[in-house]
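One structure below.
Throughout, protein chains are lettered first and strands after them, A, B, ... in sequence-line order, and every chain is numbered starting at 1. Small disclaimer: the values here were computed from a predicted structure and weren't measured. Side-chain atoms are counted along with the backbone in the values below, which use heavy atoms only and exclude waters and symmetry mates.
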4 protein chains.
Amino acid sequence: MSAPPSAPRRRSERSRRAIYDAALSLVGEIGYPRTTIEGIAARAGVGKQTIYRWWSSKADVLLEAFLDLGDGPAPPALPDTGDLAADLKAVLRATVDTLRDPRFDTPARALAAEGVVDAELGRRVVAQLLQPSLQLYVDRLRAAQRAGDVRPGIDPRIALELFVSPLAQRWLQHTAPFSYEYTDTLVDYALYGLVPR
Amino acid sequence: MSAPPSAPRRRSERSRRAIYDAALSLVGEIGYPRTTIEGIAARAGVGKQTIYRWWSSKADVLLEAFLDLGDGPAPPALPDTGDLAADLKAVLRATVDTLRDPRFDTPARALAAEGVVDAELGRRVVAQLLQPSLQLYVDRLRAAQRAGDVRPGIDPRIALELFVSPLAQRWLQHTAPFSYEYTDTLVDYALYGLVPR
Amino acid sequence: MSAPPSAPRRRSERSRRAIYDAALSLVGEIGYPRTTIEGIAARAGVGKQTIYRWWSSKADVLLEAFLDLGDGPAPPALPDTGDLAADLKAVLRATVDTLRDPRFDTPARALAAEGVVDAELGRRVVAQLLQPSLQLYVDRLRAAQRAGDVRPGIDPRIALELFVSPLAQRWLQHTAPFSYEYTDTLVDYALYGLVPR
Amino acid sequence: MSAPPSAPRRRSERSRRAIYDAALSLVGEIGYPRTTIEGIAARAGVGKQTIYRWWSSKADVLLEAFLDLGDGPAPPALPDTGDLAADLKAVLRATVDTLRDPRFDTPARALAAEGVVDAELGRRVVAQLLQPSLQLYVDRLRAAQRAGDVRPGIDPRIALELFVSPLAQRWLQHTAPFSYEYTDTLVDYALYGLVPR
DNA sequence: AGGTAATCGAGACGGTACGTCTTGTCTTACC
DNA sequence: GGTAAGACAAGACGTACCGTCTCGATTACCT
């Protein structure tokens, strides 16, 4: 619970931040594929070896840089007004806004793509980037189950995919201009099903 | 109304096939990132220029090679036994099998990843690879609507995402060993909703 | 002595001229190394095969094009005013002028360079381009010998090199701005020798 | 005034030598035109970039490799036995031997050819390869002038061309099998002139 | 007056080399 | 010992030409 034991003893904090900044700004400016480790090192004013010493790949740098962005404010719980549909719709609308922000979109998209092909990275992206957010849905759905608003047998881990995955899919595959109306519809369909009641 | 005037005049069919074969086999053997245009050309016994003449990128070659695989047998319609849930479950189970086949998985995954980052390619992947299959779901759902098995107001194009997107998501992000049980569950949740009936 | 037996029977005169023009103009514009057979064919409006059918190399085309330029006016004999020194100085001054003309300089220089490395081409360049001019010096020197102006034992074939080779050397190796004064000096040195008389 | 500031800081001596060796041996084996930078790099066990980093062209590499060969033994002065004709004949005979040595002939010829077409390289070839040798002739001729063996008004820089340029010319243009007899004749002609004494 | 065969333009083809770019390792000198 | 700097071996990139080949479409000769 104390300090990490074998952690780098004289690692330069200054370089670490400069590398994060360079990586994120380059990805934003020229895109992920044209961002190179050499480019990051040059912009960060850092030797290449300093990058290779602490990270294993370009994607690795970007993932940590991206995670570093989100540090600080603890992820807030989903709202619970008692109205499950309304709460989910509100959160998904906020998600739509986030996905539309290029500062988020470009690096997140790059990491998602890399994770599709590189299984190891994919696992880390899911675990460190997605999991925390998804857990909030699980929590909210369990609360709804306790309140009798969701059928008891339902597995929340699967249930949340009914509205989260379609949205993610549309985002990743440029299938959409996704709208509030779309996410609202997803929530309605998922909650009340497709067959006549 | 005579012969096409500006169509490529004497393109070598032999080379085209050899390039498709080389691209697919290399992606299967060493993975997409380590597959190079030079490698494809070498294995196909073809000059690099012949590839650059007809395709614009490695992904482009792979997409066409992959599409070429599926040519021939027209995509069959979804079964319609009258039992919507059973029909969907059967089709999704077949999809699970396909996604598990490495001959399909590796190139499809690579194309999906590339499409995430390259919007233009993404559009083509969706339009040429995904759309035809998705249309079959739309057709089946419309038939179900006419039979009164699906609520009239439901948009089939959105409805299908409730079970297709979660499956795709789990496949792409290595989130799951996805099972028949999982896809069955997806169908049940999607059809009957999450809230108590 | 009749018509050449296996000579090309239906060769296109139009193409031949166009190829000569294209070769010479390209060499003049972009230099010999950057002149390509493809470029010549394109500018001449000719298929590449038409060039390969009749010539064996880029240098071959240029040599024939260059020879073709000089066709027509028979090479005039050297003047013989009775004053050998004056006659030689006059001819060498004219040669200086020719070598300074870029229309002559660029292709001739390219052919000379190619001939240095390619022995077979070198022989042809010497035989077809140089020999005729050199023969004129031989003739003039022989006449001078008959007139008693040159020692009887002198080999004219070697003697002419005393003033021709230095000039050629300075031209080829950019050693000079060569001047009339220089060529005059060469003639004086060569005729009267270096040692005190 | 301390260490050279902008000098190449850590150039690999090992690579430099390997590149020289590879260049010279390849030119000797397959000739200059078929020698490629890729081939030199491969034989030297060196990355292409290492060549491009330090040299600007194939000819540049070869020139330096060739100069490197001659480093070490300072070029000796021409002999001065008091007999100018004999001294010149002896030196030219030695030159004939050198020009006949394929280890010298092939690269020197290639450099000469390249220098004919590339003015900048030509200047360097002349200055670094030829000039030092020619200066020896100038020195010897000046000594002869002081001894009264050469007319006072003669410019040694031009005078030496009377026998050196013809020899060079015959060498470069394959005009001759040049012999000791030929060079002896050149010296005689040049020293005593062509006109009757 | 056709028939036919060589020549033509066009340009795709299998190759090779180009000169550039990036990778990941390494070495040097500074701090 | 970590660092900035950057040389290094390796090798893919996309381009340019090479010399060969295959297409029709003219030709010009020869029945």
Residue closer to the 5' end of DNA chain E, Ala41(B) versus Ser12(C) (nearest nucleotide)
Ser12(C)
What integer distance in Å separates Trp54(C):CH2 from dT20(F):C1'?
17 Å
So, is Thr50(D) close to the dA9(F) phosphate, meaning a side-chain N or O under 4.0 Å from OP1 or OP2?
yes
Under the side chain to side chain donor-acceptor pair (under 3.5 Å) test, which residues partner Ser12(C), sequence neighbours left out?
Ser15(C)
Set of salt bridge (Lys or Arg N to Asp or Glu O under 4.0 Å) partners for Lys58(B), sequence neighbours left out
none
Who passes salt bridge (Lys or Arg N to Asp or Glu O under 4.0 Å) against Arg16(C), sequence neighbours left out?
Glu13(C), Asp68(C)
Shortest side-chain distance from Arg10(B), nucleotide among dC13(E), dA10(E), dC8(F)
dA10(E)
Summarise how protein sits on nucleotides 16-22 of chain E as a single string, 5' to 3': B when a protein heavy atom is under 4.0 Å from the base, S for sugar-phosphate-only contact, - for no contact.
-SBBBBS
Atom CZ of Arg11(B) and atom P of dC21(F) are separated, to the nearest Å, by 23 Å
Please list, chain by chain and in numerical order, all residues satisfying ring pair (Phe, Tyr, Trp, His ring centres under 6.0 Å) with Phe104(B), sequence neighbours excluded.
Phe66(B)
Below 4.0 Å: OP1/OP2 of dT3(F) and any side-chain N or O of Arg53(A)
yes
Residues touching DNA chain F, which here means a heavy atom under 4.0 Å, drawn from residues 20-30 of chain D
none
Of all pairs that satisfy side-chain hydrogen bond (donor to acceptor under 3.5 Å, both in side chains), the ones with a partner from residues 27-36 of chain B, not counting sequence neighbours:
Glu29(B)-Arg43(B)
Residues at least two apart in sequence or cross-chain that pass salt bridge (Lys or Arg N to Asp or Glu O under 4.0 Å) with Arg14(D), listed by chain then number, are none
In residues 109-123 of chain C, what donor-acceptor pairs under 3.5 Å come from side-chain atoms, sequence neighbours left out?
| residue | atom | partner | partner atom | Å |
| --- | --- | --- | --- | --- |
| Arg109(C) | NE | Asp105(C) | OD1 | 3.3 |
| Arg109(C) | NH1 | Trp171(C) | O | 3.2 |
| Arg109(C) | NH1 | Leu172(C) | O | 3.1 |
| Arg109(C) | NH1 | His174(C) | NE2 | 3.2 |
| Arg109(C) | NH1 | Val116(D) | O | 3.3 |
| Arg109(C) | NH2 | Asp105(C) | OD2 | 3.1 |
| Arg109(C) | NH2 | Trp171(C) | O | 3.0 |
| Asp118(C) | OD1 | Glu120(C) | N | 3.1 |
| Asp118(C) | OD1 | Leu121(C) | N | 3.2 |

Separation of dC13(F) C1' from Ile40(B) CD1 (nearest whole Å)
13 Å
Given dA9(F), dG11(E), dA4(F), which nucleotide is nearest the side-chain atoms of Ser15(D)?
dA9(F)
